[in-house]
Amino acid sequence: MDAKRREVLKTGGGVLALAAAGVIRPGDALGQEWNKAAFDTKSVAETVKALGASGSTPSSGVEITAPDIAENGAVVPIAVESKLPRTEAIAILIEKNPNTLSAEFAIPSGTDPFVSTRVKMAETSNIYALVVADGKYFHAVKEIKVTIGGCGG
Amino acid sequence: MPSKTILALALSGICVAGCATRPSDSETERTVAEMIKTSFRTRGQATVARLSQDDAQALCSKHAGELPKGVSDGIEKAQQATIRYPSSGKLMGDWREGERIAQSGVGKQFTDAPNRPAGGSCYNCHQLSKQELSFGTIGPSLYQFGKQRGASEAIQKYTYGKIYNAEAFSACSNMPRFGHNGVLTEEQITHLVALLLDPDSPVNR
Amino acid sequence: MADPMRIRANMTGDKVEVKVLMAHEMETGLRKDASGNAIPAHFIRNVTVTHGGKTVLSAQWGTSVSRNPFLHFRFKGGKPGEKVTITWLDNRGEKRTDEAVIAGG
Amino acid sequence: MGIQRVLAGVLAATLPCFSPAQQDTLKEIERYRQLLQESNPAELYEARGAEHWTRKRGPKSSSLERCDLGLGPGVVKGAYARLPRYFADTDRVQDLESRLVTCMVALQGFAPEEARRNPFSGTGAPMITTDPFSGVGQRSVMTDLVAWIASESRGMTIAPPMSHPKERLAYQAGERLFYFRAGPYDFGCITCHGEEGKRIRLQNLPKMTNAKDAQRAFGTWPAYRVSEGELRSMQWRMWECIRQMRFPELEFASDASIALIVFLANRAEGGTFDAPAIKR
């Protein structure tokens, strides 16, 4: 599984920035752009490709803060912080969700390369934080277990 | 009268004022009976008839504080007589099917489709396989249940009977009488027996 | 009409810390009702945060952002008393804009 | 009988003792719960509720601002922490929701069944999307009001009065109902809330006759349930427990629902009210 993932994310080593691909436009005040192709993807590899990269490198400069186990998949708190210089964008991918891409954020200069939000997880899955920094793609991955809860279901 | 004494003792701890004028038991009973009649309504398969208690339910409600030995023995004896074993004589089904039943908590709620088979809700209260981290603790852990006991005919019979009617072995148990109350079919119970006793089941590995 | 957002913008050091809650269903389009009919997707797709005419954060969201979304981030260059403006736009074209005054740290 | 005794011995020897892996699970679940505390969408409901209180509604086109929640007309601060209680005008013990029904009828001119309609927001039951009294994303004025009114008691001591004979009768009836077992699962409230330190799946269960547990439980409802994406009231908590007990439907604001809440509120007396909370 791990080997496969690395392969998928590393092929090519593309350097096309999200912004350059028209995925995220920091200057778009109304935020009318919505990358349907990327949000329709159903695997990490597809999403990375749809976001304009042919690959991404694992990096310790990308940090995911989230619980190892979620008591409920409807709300999973997740924060992503990038220590990489010139971080331009952060995306959150959930491998086993029906649609992989959950959210992407354009980070203009002056804004911390940090976002915290809450996402839905259909089942136990890897979460990827994909970061575009200085035009290159980096990522971190963390497994979050989603537990069955309550009674009567 | 021991139940009344217990009730009075329990209440003495919380009454701040006017305990002397606390309502009589008969007044409380009348009020409760009225509430049960007026505060619930039939919805879907959950009819108001479900609030008519059988003997065991009535006794367990009445003696919730402490169950006198005589009452408990009486319940267990009466419940023993209800257990029906499968006519095929086969008590061990398929543990894989059993695991699915153990995971499912649906069944008999007014929001459940009446024709959909009920689950056993087992993980709600018990640890079973090691892989499932989300398990309850109202009942004891059943991990390695079969490994510790083997799967002799006597053990199979006990296990089937316990799931069929827990109160036959432990009066006023928290565990539903799955077979007796028609929640699970005989076949479903044999799958759960396999989950608990089959050496290949995750419970015993 | 959509409900107002709850926005908190506070100075922490030289940065403005923004926390926002939005009232939205974030319906995935994948759920079915009891009669088996699909419940149509309804979700926020774009969020834009501006301060002094400059965009300080813009986001695109899919259906897997949780219901009643929460967002937390920080930016430099704001001062107490200034305004932060947040706009969201959903897949039905519904839009909501709210602003908050930056509070001292 | 011999087998039974042997088995009982084996069971006693294997009482739950948690392995390190299980302790990690519990620790991470606790961390998850902590992370949820950072932000609570209940705020969105509270804001709407505050507006509903002053908004003119109903045939009389009147607000609820003169509604007496027990501390005098219009007094909201601290009212929730002193409910349920006996009200002379209705000659009835009432919890917040049943009292709001009274006010909607008396002040705003709603028919009682109209005031009771749509008591829970969204869907009543988790993932059941064609609930008769609610639909997907459906707002509930009642739920919003409860969120706001409860928030106005945050930090206060839970102190329901217990001096009127009808309050005592409701308490006694609530206690009996708590122990009442019935239905195809033989359940009663006591099944899940009668012992300390138990769980369903990974969810901790309060023992309602234990003051500390009852205080924490009662003091954190209403709550935003992340599993449902909705704010849930104490009336809903009763309704939902009863549904899962496989009983017929508990009627909203009914006497049995109020009696159960009286029992719980009194078991929780002296605790600190800290709701609306956020929960799984």
Side-chain angles (χ1 to χ4, degrees), chain C residues 1-10 12 17-44 47 49 57 59 61-74 84 86 88 90-92 94 96-100 103, chain D residues 32-55 120-141 143-145 147-148 151 222-232 243 249 276-280:
Chain C
M1 203 190 79
D3 286 326
M5 290 174 236
R6 304 286 288 176
I7 307 171
R8 288 200 177 88
N10 290 298
T12 46
E17 184 116 37
V18 181
K19 291 185 181 187
V20 55
L21 269 170
M22 306 168 195
H24 204 284
E25 290 311 304
M26 300 303 286
E27 192 62 52
T28 59
L30 300 169
R31 295 202 304 163
K32 284 185 174 139
D33 65 23
S35 358
N37 303 314
I39 303 165
H42 187 204
F43 63 103
I44 293 175
V47 180
V49 187
L57 189 80
W61 286 353
T63 55
S64 66
V65 169
S66 300
R67 196 168 188 185
N68 294 319
F70 169 66
L71 175 62
H72 172 198
F73 74 102
R74 295 182 288 260
V84 172
I86 306 183
W88 61 248
D90 73 18
N91 66 322
R92 293 185 189 167
E94 198 176 346
R96 170 94 211 175
T97 300
D98 289 285
E99 53 185 31
Chain D
Y32 171 86
R33 291 172 187 162
Q34 285 303 319
L35 285 169
L36 285 187
Q37 303 307 316
E38 190 190 354
S39 168
N40 187 350
E43 271 184 43
L44 299 163
Y45 294 75
E46 293 166 26
R48 285 200 294 266
E51 278 179 35
H52 290 318
W53 184 256
T54 53
R55 182 172 298 157
F120 309 132
S121 59
T123 57
M127 305 309 284
I128 305 302
T129 50
T130 51
D131 208 82
F133 49 66
S134 55
V136 173
Q138 186 169 303
R139 299 268 168 77
S140 157
V141 171
T143 295
D144 292 345
L145 282 166
W148 175 64
S151 77
Y224 183 80
R225 292 290 302 275
V226 302
S227 51
E228 289 155 55
E230 289 292 352
L231 187 123
R232 296 307 193 194
R243 179 183 76 86
E249 184 173 24
I278 180 165
K279 294 169 189 269
R280 176 193 75 89

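Scope of the values below: all heavy atoms of this structure, side chains included, with no hydrogens, waters or symmetry mates. Numbers restart at 1 for each chain; the letters A, B, ... are given by sequence-line order, proteins then strands.
Contact check on C/Arg67 versus D/Glu230 returns a salt bridge, with a Lys/Arg side-chain nitrogen under 4.0 Å from an Asp/Glu carboxylate oxygen.
For D/Leu44 against C/Met22, the heavy-atom pair with the smallest separation is CD1-O, 3.7 Å. Shown here for D/Pro41 and C/Asn68, the closest heavy-atom pair between the two residues is CB-CB, 3.9 Å.
Remark: C/Phe43 engages A/Trp34 in a ring-ring contact (aromatic ring centres under 6.0 Å, His included) (not counting sequence neighbours).
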Checklist line | Derivation of the salt bridge (Lys or Arg N to Asp or Glu O under 4.0 Å) call for C/Arg8 and D/Glu43 | finding: CA-CA 12 Å; C/Arg8 288 200 177 88; D/Glu43 271 184 43; 3.0 Å; yes
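In this structure, CZ in D/Arg48 is found 4.5 Å from CG in C/Asp3, a value given to the nearest 0.5 Å. Here the OG atom belonging to D/Ser39 is positioned 10.0 Å from the NE2 atom belonging to C/His72, to the nearest 0.5 angstrom.
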